[in-house]
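The chain is numbered in sequence order, starting from 1.
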Amino acid sequence: QVQLVESGGGSVQPGGSLKLTCVSSENTFSRRAMGWYRQAPGKRRELVAGISADGKTKYVDSVAGRFTISRDNAKNTFYLQMNNLKPEDTAIYYCKSEPLYWGQGTQVTVSS
């Protein structure tokens, strides 16, 4: 059973930063595309950022230039650095090993 364990969520003021971390138990981690998704109350879950096995990245327009996804294959870990956070970034953030496995989610709240 593959496990993805997230950490790093919390509460920050607008303009603040957080870094989310996701550790995978997969022994094929380095060959997997990974993604960060989020779901705000009353909204559908959306892809925020993705990173391919060879390191190509993509972002939803609303976070481009503020968020950075990265991975460390030696540690079976990938990250989401979130800068200049806005109230509309408030959501539960999930990591995913494409296409099947999800983390448990971590709450990010941006509020003054």
Can you tell me how far apart [atom1] ([X]) and [atom2] ([Y]) are? Round to the nearest 0.5 Å.
X: Ser11; Y: Leu85; atom1: OG; atom2: CG; answer: 11.0 Å
X: Ser97; Y: Glu26; atom1: OG; atom2: CD; answer: 3.5 Å
X: Lys86; Y: Asn84; atom1: NZ; atom2: CG; answer: 6.0 Å
X: Leu18; Y: Met82; atom1: CG; atom2: CE; answer: 4.5 Å
X: Leu20; Y: Gln81; atom1: CG; atom2: CD; answer: 9.0 Å
X: Thr77; Y: Met34; atom1: OG1; atom2: CE; answer: 9.5 Å

Does a donor on one side chain and an acceptor on the other come within less than 3.5 Å for Ser17 and Asn83? yes
Would the distance check show the side chain of Asn76 and the main-chain N or O of Ser24 forming a donor-acceptor pair, the cut-off being under 3.5 Å? yes
Is it true that Lys96 and Glu98 make a salt bridge, defined as a side-chain N closer than 4.0 Å to a carboxylate O? yes
Between [Y] and [X], is there a side-chain heavy-atom distance shorter than 4.5 Å?
X: Val110; Y: Gln13; value: no
X: Tyr79; Y: Lys19; value: yes
X: Glu46; Y: Tyr37; value: no
X: Trp102; Y: Cys95; value: no
X: Tyr59; Y: Val48; value: no
X: Pro14; Y: Pro87; value: yes
X: Asp89; Y: Arg66; value: yes
X: Tyr101; Y: Gln3; value: no

Phe78 and Trp36 aromatic centres sub-6.0 Å: yes
Would [X] end up clustered with [Y] when hydrophobic side chains under 4.5 Å apart are linked, directly or stepwise?
X: Ile51; Y: Leu100; value: yes
X: Leu80; Y: Val60; value: yes
X: Ile92; Y: Leu4; value: no

Could you tell me which non-hydrogen atom of [X] sits nearest to which non-hydrogen atom of [Y], and how far apart they are?
X: Val5; Y: Gln104; value: CA-OE1, 3.9 Å
X: Arg32; Y: Pro99; value: NH1-CD, 4.4 Å
X: Ala40; Y: Thr90; value: CB-O, 3.7 Å

Within 45 degrees of the ring normal and closer than 6.0 Å to the centroid, is that where the cationic atom of Arg38 sits relative to Tyr94? no
Do Arg71's NZ or CZ and the ring of Phe29 fall within the cation-pi criteria of under 6.0 Å and 45°? yes
